[in-house]
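Below you'll find the structure, written out as structure tokens, and then a few comments.
Residue numbers count from 1 along this sequence. Atom set for the values below is all heavy atoms of this structure, side chains included, hydrogens, waters and symmetry mates excluded.
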Amino acid sequence: MKNIYLNIYKPNKKNLLKAKKNIESNNIIGMPTETVYGLAGNAYSNQSVKKIFTLKKRPNFNPLIIHYKNIKNLKKDAILNSSFTKLYKNFCPGPITFVLKKNPKSKISYKATARKNTIAVRFPKHRVARKLLGLLKVPLAAPSANIASRLSPTSSLDVVDEFKNKIKFILDGGRSRIGLESTIVDLTKNPKILRPGFITEEKISSILKKKIKIVKRKGQIKSPGQLKSHYSPGIPVKINAKIFGNNEAIIGYGKNFPTKKNYFNLSQNGNLNEAANNLYKTLRKIKNSGFKSIVVNKFPNIGIGKAINDRLIRASKK
Ligand code: TXA
Ligand code: MG
């Protein structure tokens, strides 16, 4: 079948070189990762980073995650510590982001780190992202490829759904395997989790051999991804609410969840990883099918269930 989306490119050698050229010319491209798709640009270039903020309509106080192929290239931009080294050995490349102290000599655009003295870094596992990073001499600033406070994209078509032809070049890497944004762990002081994800607090705690907590959204906002209203499908999401009428979609999971019109099952066999993977895709589908609101029950608050509940609660905030 012919690809009618002229801005979506297969990740072959020729197109990876085109992607590299785009980055080197300070253009912004869509890039697959195993968590969600990113909007990637040269992290050393203020011009590139400015374009990312404008496209996403992102407030300039909200810093971006910087993507690297491996630890070698990181040392000139961040100050590493022992917790980082342990977690890196166990989980990287993979769906985890570390907040570290920024190396004062770093050439990372001050706009990318929102003038902070810390830097969020990640080593994506997706083979296309890794191939691209391997071709480049610069790290990639890459927030999720969605308009600020909307749903993250988990396929190249979702990136088109968000930006239409404003993004001229999107590398296709299939559906994101995880489908939720990376876990963010702050290692600048006592380790704590700023955003739950596929790498759970239990796993992180067991590697660091101490109890690491997910920080509540009280007090000062450390990570603006912690802003209450986020991950919104653009229609109201109601948690544990009564179900009304035809215009409402109902989300649930497991074999006992009704198979009726308007009912969307995130995992027939009750697998939470599968439910997480289907969450954004389903919310986007419901929104695009013309439903007026979504009703959902909270998921069990264990493992990745915490990340699902976190996104649902924020999607439900006005
Ligand atoms: O899975 C992911 O992490 C995806 C893919 C594309 O890698 N990226 C992603 O980026 O979710 P974004 O920009 O949508 O979310 C980054 C989060 C934001 O909540 C931001 O506030 C936080 O990381 N962040 C970035 N730098 C930070 C810092 N220095 N301190 C605390 N939080 C930071
Ligand atoms: Mg995002």
Side-chain angles (χ1 to χ4, degrees), residues 8 30-40 56-58 65 95-97 122 124-126 129 142-164 167 170-184 195-200 225-239 249-253 257 262-268 271-291 293-299 303-317:
I8 295 181
M31 168 180 82
T33 86
E34 75 279 18
T35 55
V36 299
Y37 273 65
L39 210 54
K56 258 186 88 81
K57 304 196 172 88
R58 182 171 180 125
I65 296 176
I96 183 164
T97 294
R122 167 158 138 70
K125 189 166 189 175
H126 196 292
S144 52
N146 53 282
I147 310 283
S149 88
R150 307 298 283 251
L151 292 175
S152 295
T154 56
S155 72
S156 52
L157 283 178
D158 290 352
V159 182
V160 178
D161 191 36
E162 287 290 316
F163 293 102
K164 308 294 179 266
I167 308 286
I170 303 166
L171 274 176
D172 184 22
R175 276 251 294 144
S176 295
R177 191 172 57 80
I178 290 171
L180 281 186
E181 304 83 354
S182 61
T183 306
I184 301 181
R195 179 173 73 183
F198 181 82
I199 309 269
T200 59
Q226 297 175 305
L227 292 171
K228 275 195 300 188
S229 168
H230 223 84
Y231 314 113
S232 163
I235 53 175
V237 175
K238 297 182 275 183
I239 298 181
I250 299 98
I251 288 183
Y253 83 119
F257 188 67
N262 295 11
Y263 281 67
F264 295 82
N265 194 336
L266 298 189
S267 170
Q268 291 280 354
N271 178 320
L272 284 181
N273 286 339
E274 186 184 23
N277 184 269
N278 282 323
L279 181 67
Y280 287 157
K281 177 182 145 191
T282 307
L283 288 172
R284 194 177 285 275
K285 184 166 136 195
I286 289 171
K287 157 75 184 352
N288 289 341
S289 312
F291 287 99
S293 60
I294 301 171
V295 171
V296 60
N297 286 319
K298 271 212 211 160
F299 281 71
I304 198 170
K306 284 190 185 163
I308 301 177
N309 286 333
D310 170 75
R311 307 309 192 271
L312 285 174
I313 289 165
R314 287 174 209 202
S316 72
K317 297 267 155 62

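Distance alone, capped at 3.5 Å, places no donor-acceptor pair between the R311 side chain and the L180 backbone. A donor-acceptor pair under 3.5 Å is formed between the side chain of K56 and the backbone N or O of S144. Side-chain atoms of N277 come within 3.5 Å of backbone N or O of S176 as a donor-acceptor pair.
Side-chain contact check for I294 versus P233: some heavy-atom pair is nearer than 4.5 Å. For the pair K57/R150, no side-chain contact is recorded, criterion being any heavy-atom separation below 4.5 Å from C-beta on. L266 has its side chain out of reach of I308: every pair of non-hydrogen atoms, C-beta onward, lies at least 4.5 Å apart. Annotation: side chain of E274 is not in contact with side chain of I304 (no heavy-atom distance under 4.5 Å).
The distance from the CZ atom of F198 to the CD1 atom of I96 is 11.5 Å, given to the nearest 0.5 Å. Rounded to the nearest 0.5 Å, atoms CD1 (I167) and CD1 (I8) are 12.0 Å apart. To the nearest 0.5 Å, the span separating CG on L312 from NZ on K317 amounts to 11.0 Å. From Y37, atom OH reaches atom OG of S155 across 6.5 Å, with rounding to the nearest 0.5 Å. Between the CD1 atom in I178 and the CD atom in E34 there is a gap of 5.5 Å [rounded to 0.5 Å]. Between the CZ atom of R58 and the CG atom of N146 there is a distance of 8.5 Å, given to the nearest 0.5 Å.
Put simply, the residue from L283, V295, V237 that forms a side-chain contact (heavy atoms from CB on, under 4.5 Å) with I251 is L283.
Residues K306 and D310 are not paired through a salt bridge, judged by the lack of any N-O separation under 4.0 Å between the basic side chain and the carboxylate. One finds no salt bridge joining E181 and R122 here, because no Lys/Arg side-chain nitrogen approaches an Asp/Glu carboxylate oxygen to under 4.0 Å.
The local environment of CZ in R175 is crowded, with over 12 non-hydrogen atoms from other residues, nucleotides or ligands closer than 6.0 Å.
Minimum heavy-atom separation, N271 to S267: N-OG, 2.8 Å. Nearest heavy-atom pair across P95 and T35 is CB-CG2, 3.5 Å. Nearest heavy atoms, L151 versus Y231: CD2-O, 3.4 Å. Residues A129 and M31 approach most closely at CB-SD, 4.1 Å, considering heavy atoms. The heavy-atom pair separating F264 from A249 by the smallest distance is CE1-CB, 3.7 Å. The two residues P32 and L171 come nearest to each other via the heavy atoms CD-O, 3.4 Å.
Ring geometry, F257 versus Y263: the interplanar angle falls from 30° to 60°, so the pair is classed tilted.
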| request: I would like to know whether S182 and R195 meet side chain to side chain donor-acceptor pair (under 3.5 Å); could you show each step before the answer? | output: CA-CA 8 Å; S182 61; R195 179 173 73 183; 3.2 Å; yes

| said: Pair D158, T154 - check side chain to side chain donor-acceptor pair (under 3.5 Å), show working. | reply: CA-CA 6 Å; D158 290 352; T154 56; 3.3 Å; yes

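With sequence neighbours excluded, the residues that form a salt bridge (charged side-chain N to carboxylate O under 4.0 Å, His left out) with K238 are E248. Applying the ring pair (Phe, Tyr, Trp, His ring centres under 6.0 Å) test to Y253 and every residue at least two apart in sequence or in another chain returns F299.
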